[in-house]
Amino acid sequence: PHLPPWARVSALRRAHIERVVALIDRWEVAMRLPATERARWSRAAWLHDALRDAPEAELKRWAPGLAAPVELLHGPAAASRGEFEGESDRGVLDAGRDHAVGRKAGDAVGRALYCADFLEPGRSFDAESRSALAARFPDDPDGVFREVVRARLLWLIRSGWPLPDPTVRLWNSLATPA
């Protein structure tokens, strides 16, 4: 797998994608995943931001009718374009589509991509904590996923961004009564 030829990414975005792919690859090896599952995780990592730097009109063409801020259209647009180009694995497509907002009932590839996108080492905030979570992922993917969901939700709240409905549903599905 590699960045699709139709990708629309800057050099900085490509570097981010490559770091996500490298982190996913490290986890796949540590977890001793079968080759077929490794291929799924890798395809999702290459796909997730493939249209991140596409013009708004292109994003809307590939994600028509989606009521979301333009900043959140790249995942659904990349998944739609990936499907058009022949990707048929629903888990890979869902992972790419939902990597920025989360998914209540995603499979392992979606949870891994959601975490890797947040934990990749090129991001400058909270580097020590994120590095520790990334190192722990192969041994505790569910626990790390829960912590990443919490951290991403807190970041959204602090930033003042509206909370996307899928993110709220994801959190509510993980939350346990006190």
Side-chain angles (χ1 to χ4, degrees), residues 1-3 7 9-33 37-53 68-69 71-72 74-75 78 91-92 94-178:
H2 55 279
L3 197 59
V9 297
S10 66
L12 287 174
R13 183 59 50 183
R14 182 183 183 94
H16 160 74
I17 294 168
E18 290 171 349
R19 288 188 303 270
V20 170
V21 168
L23 184 55
I24 288 276
D25 286 348
R26 195 172 86 211
W27 291 346
E28 294 166 353
V29 170
M31 296 171 79
R32 295 183 176 101
L33 295 179
E37 190 67 3
R38 290 180 70 174
R40 294 178 74 232
W41 286 31
S42 185
R43 291 195 321 270
W46 283 111
L47 175 70
H48 84 283
D49 271 357
L51 290 178
R52 184 64 176 96
D53 296 321
E71 296 84 2
L72 296 179
H74 68 282
V92 168
D94 288 346
R97 178 177 294 108
D98 299 324
H99 77 276
V101 295
R103 183 178 184 83
K104 181 178 170 186
D107 70 4
V109 66
R111 291 188 302 273
L113 180 60
Y114 184 80
C115 290
D117 186 51
F118 183 75
L119 298 175
E120 67 94 344
R123 297 190 185 272
S124 60
F125 62 92
D126 202 14
E128 188 175 313
S129 174
R130 287 181 317 91
S131 177
L133 286 171
R136 202 176 94 216
F137 185 88
D139 295 321
D140 184 17
D142 293 335
V144 170
F145 177 69
R146 183 178 179 76
E147 290 185 45
V148 167
V149 171
R150 179 182 301 117
R152 290 179 79 152
L153 187 61
L154 287 172
W155 182 87
L156 279 172
I157 291 167
R158 288 182 190 124
S159 73
W161 272 60
L163 302 177
D165 289 338
T167 305
V168 172
R169 284 192 300 273
L170 173 60
W171 174 252
N172 287 339
S173 74
L174 298 174
T176 56

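We count residues from 1, following the sequence as given.
- Each salt bridge (charged side-chain N to carboxylate O under 4.0 Å, His left out) pair with one or both residues in residues 10-25, not counting sequence neighbours, appears once here: R13-D49, R14-E18, R19-E120.
- Salt bridge D139/R136: absent, no basic N to carboxylate O contact under 4.0 Å.
- For H74, the ring pair (Phe, Tyr, Trp, His ring centres under 6.0 Å) partners are H99, not counting sequence neighbours.
- In terms of heavy-atom proximity, V20 sits nearest to A45 at CG1-CB, 4.1 Å.
- Rounding to the nearest 0.5 angstrom, the gap separating the CG atom in L153 from the CZ atom in R158 is 10.0 Å.
- No more than 12 heavy atoms of other residues, nucleotides or ligands lie within 6.0 Å of CD in E128, so this atom counts as exposed by the packing criterion.
- Proximity of W46 to I17: side-chain heavy atoms (C-beta onward) are separated by under 4.5 Å at one or more points.
- Note: F137 CZ to L119 CG = 8.5 Å, rounded to the nearest 0.5 Å.
- Under the 4.0 Å criterion applied to side-chain N and carboxylate O atoms, R40 and E37 are assigned as salt-bridge partners.
- Inter-residue side-chain proximity for I24 and H48 is flagged as unmet; no heavy-atom pair is nearer than 4.5 Å.
- When all heavy atoms are compared, the tightest approach of L72 to P164 is CD1-CG, 4.0 Å.
- The pair D140-R146 fails the salt-bridge criterion, with no side-chain N (NZ, NE, NH1 or NH2) lying under 4.0 Å from an Asp/Glu carboxylate O.
- From D94, atom CG reaches atom CG of L113 across 11.5 Å, with rounding to the nearest 0.5 Å.
- A cation-pi arrangement is found for R130 relative to F125, the charged atom lying closer than 6.0 Å to the ring centre and inside a 45° cone about the ring normal.
- Put simply, the side chain of W27 gets close to the backbone of A134: a donor and an acceptor are under 3.5 Å apart.
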Any chance you could lay out the side chain to side chain contact (heavy atoms under 4.5 Å, CB included) test for D142 and R111, step after step, and finish with the verdict?
CA-CA 8 Å; D142 293 335; R111 291 188 302 273; 4.1 Å; yes
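- Across all their heavy atoms, T167 and V101 have their closest contact at OG1-O, 2.7 Å.
- Minimum heavy-atom separation, A44 to V109: CB-CG2, 3.7 Å.
- Counting all heavy atoms, side chain and backbone alike, G102 lies closest to P166 at O-CB, 3.8 Å.
- For W171, the ring pair (Phe, Tyr, Trp, His ring centres under 6.0 Å) criterion is met by no residue, not counting sequence neighbours.
- For the atom pair Y114 OH and L170 CG, the distance stands at 5.5 Å (nearest 0.5 Å).
- Formation of a donor-acceptor pair under 3.5 Å by the R123 side chain with backbone atoms of H16 is not found in this model.
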